[in-house]
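For reference, the structure is listed below as structure tokens.
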Amino acid sequence: MTDDSRPGRPAPVRSAPVLVPMPAERPYTYQVPDGMDVAPGSIVRVPLGPREVAGIVWDSATDPVDPKKLKPISEVFDCPPIDQETRRFVDWIASYTLSAPGMVARMLLRAPAAFDPEPWTEGLRRTDAVPDRMTSARARVLETADDGLAWTRSGLAHAAGVSSTVVDGLRDQGVFETVMIPPRPVVAVPDTGYARSELSADQQAVADALRAAVDNGGPGVTLIDGVTGSGKTEVYFEAVAAALDRNRQALILLPEIALTHAFLERFQDRFGAKPAEWHSDLPPRMRERVWRQVAEGSVRVVAGARSALFLPFQELGLIVVDEEHDPAYKQEDRVPYNARDMAVVRGHIGGFPVVLASATPSIESRVNADQGRYARAVLSARFAEASLPDLRTIDLRRAPPARGGFLSPALLTEMRNTLARQEQSLLFLNRRGYAPLTLCRVCGHRFQCPDCSSWLVEHRFRGQLVCHHCGHHEKRPDACPECGTFDHLVACGPGVERVAEEVVGHFPDARTIVLSSDLLGGVKRLRLELEAIANGEADIVIGTQLVAKGHNFPNMTLVGIVDADLGLANGDPRAAERTFQLLSQVTGRAGRTGKKSLGLLQTYQPDHPVMRAIVSGDAEAFYQREIAERERAGLPPFGRLAGIIVSAATRAEAEGHAWALRRAAPAAADIQVLGPAEAPIALLAGRHRFRLLVHGERRSDMQGFIRALLAAGPKVRGSVRVSVDIDPQSFL
DNA sequence: AGCACGCCGACT
DNA sequence: GTCGGCGTGCTC
């Protein structure tokens, strides 16, 4: 804020830097009209080009701007300002991810209607007056409203079981007076003493350590490493309680899909109230109320997906990142960040502890713990041991499925037994659709995506061929487009739809359900289906990785992994880690009730370290091996080598861009070329057909690359994306 | 990111 | 003759 008024001259224009939700490198300067007060953090409405936008008054000065260009701030919203910690957090993320601060600020301003206070609503309260005549309807209303509290007109009518005209009549006679009711809280205040969990000695020790960390107000990260059923949730609930006891807000981050009814209930069982929810499926009105009430401090605990990190907390005192290894914490588009790492940063800035929890921690968190940057708390499996599933591999070389099928006789036998016991089976296959490749048996033609050259996946339910990279889809033809032969197209390999077909063939009377992310009806439908399964409304579930998370299925005693090798073959240095995490989670779906339960992994590589780790339960050996393997390969345990990945619609196109870049920007020498099948889907989703993905072990390396790239011209500028796989060590 | 301006292909 | 595609440039 400049206010260098000098006597005797016309008052100079007061101005303020404002961060607008746009990819500008610095805040813009706006005129502050006379009589208006703004401070850093104030949320304001400002003119920007042809429209008006919400922006945040910022701390840093801007470059001098021609005073004639300055436009005045239109309005200061009646809203608690964004606190200084959050503003530093925005600057930090912008600098770290090499994105524009305005774009980071945009993530804070995602609830436009919440900048104005929630309106008070009209309510009715009983007066001493008596009605002229008494009727049974009127009597019911009076009885209902006898509590002396304010009721809404329709709420009262509904509660009394009468039409609202009855209430209107009583109001007109003065039996009710109109009062204004403040906005209703979205959730009740949690009570830390509501129902303390019974903790084992192990759990209690970890809970005590977390409570001490919260009480001492010191920053620091604790990795809770505990197998499914070891009580991680109960333990970190005690950390949440500690933060609440100290009058601080708490944030629990969960992968989107894990935010289920079941989790909220579990929280309610401990605290007597639900946490506020925050995820992409929240209705707009609720979204605004949650945002506003977080800003005002009336919401004390939020359970949310990664974007909850950008809620306007005023007194945040703890962040818990559950399932910290989950790739869903990564945002790849726009501002690329990993919410788990940004949570660590937020804790550091705010001077409060952060808890990471997982049954299968990421390698980078394990290394950070091993090297002493994070504290590590291992929860033993003692609680869970009794109900741990019996895990075995099925060697597909020795016991292959019947011709044309994908389920081995051993798995089918166990499914039959499970059905006979009226328990549930889960078949896991991480591939949507019917078949991943379609070819012509006559001429060998393979169906390829015209836009990005990867194989088209047949979706038989929809009668379409779909590209899983760019979303291209076409009707499945009856004749080969190459040789014109009819009825000789053959589907190669299994997808969940095809496995479902096989299951129905074997068990026609079983209730079978397929769950994958292309399920019609979106997240809401999915949550309903998951709850239906938990309630026993299906016998056999066939699902992609979304069945791995979030929900407990109390009657699910058999888990079959249709293709445990899937995902090990690609060149990703994280392939083994990811597969281990995924298979651990899926097999963990079996047996959480103390019933005898079984997990069967169909594989061609029963001796692969991932299979051995899953079957033996020896995760420690697996982690040490993975860490050593990366060191041996010259890869850092975190992220990938610094460098640039050029990705385009086709590999040839990418090679062309890479060639041009090497010439234009010799400093950016370490250029890798990826075809569409190897590059993240997000890269190909945009309008531009190529992207540069800058991966870095060190941020300084990437800055060098990016400077060189920007020098290569504006066409490149629009295509640069910075990877989220940046060295997490530099956070601390 | 939005939005306007501006230049080349198929159509009420 | 126009409608409309997306490439380019600008926003205090």
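Naming: A, B, ... by sequence-line order, numbering from 1 per chain.
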Starting from [atom2] on [N], measure out to [atom1] on [X] and report it in whole angstrom.
| X | N | atom1 | atom2 | value |
| --- | --- | --- | --- | --- |
| A:D66 | C:dC10 | CG | P | 16 Å |
| A:R14 | C:dC12 | CZ | P | 20 Å |
| A:M22 | C:dT11 | CE | P | 9 Å |
| A:R26 | C:dT11 | CZ | P | 17 Å |
| A:M103 | B:dA1 | CE | C1' | 5 Å |
| A:Y28 | B:dA1 | OH | C1' | 11 Å |
| A:E25 | C:dC10 | CD | P | 16 Å |

Can you pull every protein N or O that's under 3.5 Å from an N or O on nucleotides 2-4 of chain B?
none

| A:Y30 side chain to A:P47 backbone, donor-acceptor under 3.5 Å | yes

| request: Assess whether side chain to side chain donor-acceptor pair (under 3.5 Å) is satisfied between A:Q293 and A:E118, documenting all intermediate values. | output: CA-CA 9 Å; A:Q293 293 184 19; A:E118 282 184 76; 3.0 Å; yes

| Does A:R45 CZ have over 12 foreign heavy atoms under 6.0 Å away? | yes

| field | Within 6.0 angstrom of A:D66 CG, more than 12 heavy atoms from elsewhere | value | yes

| request: Evaluate ring pair (Phe, Tyr, Trp, His ring centres under 6.0 Å) for A:Y337 paired with A:Y329, printing each intermediate quantity in order. | output: CA-CA 8 Å; A:Y337 68 92; A:Y329 284 122; 9.8 Å; no

| Relative to each other, are the rings of A:F115 and A:W291 parallel, tilted or perpendicular (30° and 60° limits)? | perpendicular

